[in-house]
2 protein chains.
Amino acid sequence: MQLGIPHDEVQAFACPVTFTVDVIGGKWKSLILFHLMSGTRRFNELRRLMPEVTQRMLTLQLREMEVDQIIHRKVYLEVPPKVEYSLAPLGQTLVPLITTMREWGAAHEATVIEYRKAAQVERQAEAQTSLERN
Amino acid sequence: MQLGIPHDEVQAFACPVTFTVDVIGGKWKSLILFHLMSGTRRFNELRRLMPEVTQRMLTLQLREMEVDQIIHRKVYLEVPPKVEYSLAPLGQTLVPLITTMREWGAAHEATVIEYRKAAQVERQAEAQTSLERN
DNA sequence: CGGGATCCTGCCAGATACTG
DNA sequence: CAGTATCTGGCAGGATCCCG
């Protein structure tokens, strides 16, 4: 596999870390995976679990993960339509990763939020003094 | 902390997983962290390790991680200038996560690439038949 | 050497409306 | 119910030039 010059649309990746980011780094993917870890979910069920995600974005991210066979999409041919999403075998292998991410976030969220606020205050003070100089 | 309606620019997050993505989900952040895991790096050293990243993007992502105190930035007041980046204590806590990501990528990259190629071929075939119908 | 400042562009995400 | 289709604006990210 040649690096840097993919011969078609399917990319080559210079580093495994980059590749993993490409697979689960989508804005909502890991959150979707998290919700699928506790069981099969229907489309609107996922919408209710993630109200901030628009329908369109949810669909797109689900499609990408379906292509990567991270998740499985089962369509029931009935009226009204019914579609169930679940973790595919490859998706199961991501469970430890998602779990680690969740634990890290829970443990450090408050701290980082404080860091960000501090940096924000600093920037404002800086803007103030540069105003006073003029 | 109110959800959904942050009272200033510093966001609140509905879920720890989402938050973690926000911290390390930047396009290059986890790759930068990976390179800092093996030791302190200078700016141009990082550029050489990641030629695909533009200077601007490298700077921006480093700044964000500095604000979050994931990494530490040490400036030497000398000519020519010298800046060293290293993992801050909070960044150290991310090492297991990055390692897991790297291992997952290494183990499954080839498989997923194949899945993507297959899906691509499928889409092309589909486009072909829909052409033939007209 | 290690950036900052600017300008520019594409594509991504949101909103809305429609459908099998 | 579980999606597509279309338009649209914003901003992520590239290219380029400048600077201490």
Side-chain angles (χ1 to χ4, degrees), chain A residues 4 9 11 14 18 21-22 24-32 35-36 40-67 71-86 119 122-123 126-127 130 133-134, chain B residues 4-6 9 11 14 18 21-32 35-36 40-67 71-86 123 126-127 130 133:
Chain A
E9 296 163 36
Q11 283 200 349
T18 309
V21 172
D22 187 77
I24 61 163
K27 200 171 180 182
W28 306 107
K29 286 185 180 178
S30 46
L31 187 56
I32 295 172
H35 286 301
L36 291 182
T40 296
R41 304 275 180 216
R42 297 186 57 175
F43 185 78
N44 275 358
E45 204 172 345
L46 286 172
R47 289 195 67 189
R48 256 170 276 123
L49 288 167
M50 301 173 278
E52 334 84 87
V53 191
T54 63
Q55 188 181 36
R56 172 192 152 84
M57 278 305 103
L58 185 54
T59 303
L60 288 177
Q61 304 256 311
L62 284 168
R63 286 288 177 280
E64 284 189 26
M65 298 175 80
E66 189 192 353
V67 165
I71 63 175
H72 181 241
R73 179 167 177 264
K74 181 166 186 180
V75 183
Y76 294 83
L77 292 174
E78 45 183 66
V79 178
K82 178 177 167 185
V83 178
E84 282 183 351
Y85 292 94
S86 56
E122 228 171 90
R123 274 195 306 276
E126 209 173 294
S130 80
R133 264 198 303 275
N134 302 355
Chain B
I5 314 168
E9 295 162 37
Q11 285 200 347
T18 309
V21 172
D22 188 75
V23 173
I24 61 162
K27 200 172 180 181
W28 306 108
K29 286 185 181 178
S30 46
L31 188 56
I32 295 171
H35 286 302
L36 290 182
T40 296
R41 304 276 182 214
R42 297 186 56 176
F43 186 78
N44 276 357
E45 205 173 344
L46 286 171
R47 289 195 66 188
R48 255 171 276 123
L49 289 167
M50 300 173 278
E52 335 83 89
V53 190
T54 63
Q55 188 182 37
R56 173 190 152 87
M57 277 306 104
L58 185 54
T59 304
L60 288 177
Q61 304 257 314
L62 284 168
R63 285 288 177 279
E64 284 188 28
M65 297 175 81
E66 190 193 351
V67 166
I71 63 175
H72 181 242
R73 178 168 177 262
K74 181 166 187 181
V75 183
Y76 294 82
L77 293 174
E78 46 184 64
V79 179
K82 178 177 165 185
V83 179
E84 282 183 353
Y85 293 94
S86 57
R123 273 196 306 276
E126 208 173 294
S130 81
R133 264 200 302 276

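Letters A, B, ... mirror the listed sequences (proteins, then strands); counts begin at 1.
The shortest non-hydrogen separation linking A:Gly25 to B:Val21 is O-CG1, 4.4 Å. What you find for A:Ser86 and A:Thr40 is that their closest heavy atoms are CB-OG1, 3.6 Å. What you find for A:Tyr85 and A:Leu46 is that their closest heavy atoms are CD1-CD1, 4.2 Å.
Listed by chain and residue number, A:Arg41 satisfy the side chain to side chain donor-acceptor pair (under 3.5 Å) test with A:Glu45 (two or more places apart in sequence, or in another chain). Judged as a side chain to side chain donor-acceptor pair (under 3.5 Å), and not counting sequence neighbours, A:Gln61 has no contacts. Contacts of B:Arg47 classified as side chain to side chain contact (heavy atoms under 4.5 Å, CB included), with partners at least two apart in sequence or in another chain: B:Phe43, B:Asn44, B:Gln55, B:Leu58. Annotation: side chain to side chain donor-acceptor pair (under 3.5 Å) contacts of B:Glu84 (sequence neighbours excluded): B:Tyr76. Residues satisfying the salt bridge (Lys or Arg N to Asp or Glu O under 4.0 Å) test with B:Arg42, not counting sequence neighbours, are none. For the side chain to side chain donor-acceptor pair (under 3.5 Å) test, no residue two or more places apart in sequence or in another chain qualifies with B:Arg63.
In this structure, the helix from C:dC1-D:dG20 to C:dG20-D:dC1 shows an angle of 60° between the axis at its start and the axis at its end, each fitted on 5 base pairs and rounded to 10°.
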ask   = Base, backbone or nothing for each nucleotide of nucleotides 13-18 of chain C, written B, S, -, heavy atoms under 4.0 angstrom, 5' to 3'?
value = BBB---
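Extent of DNA chain D lying under 4.0 Å from chain A heavy atoms, first and last nucleotide in 5' to 3' order, is D:dC1 to D:dT6.
In this structure, CG in B:Leu31 is found 12.0 Å from CD1 in B:Ile24, a value given to the nearest 0.5 Å. In this structure, A:Leu62 CG and A:Arg73 CZ are separated by 8.5 Å, a value rounded to the nearest 0.5 Å.
A heavy atom lying under 4.0 Å from DNA chain D marks none of the residues of residues 42-51 of chain B.
In this structure, the side chains of A:Lys27 and A:Met57 stay at 4.5 Å or more apart for every pair of heavy atoms. You'll find the side chain of A:His35 reaches within 4.5 Å of the side chain of A:Met50, heavy atoms only.
What separates CZ of A:Arg63 from C1' of C:dC12 is a distance of 18 Å, to the nearest Å. Protein atom CG of B:Leu62 is 11 Å distant from nucleotide atom C1' of C:dG3, rounded to whole Å.
At the heavy-atom level, B:Tyr85 lies under 4.0 Å from the strands shown only through sugar-phosphate atoms.
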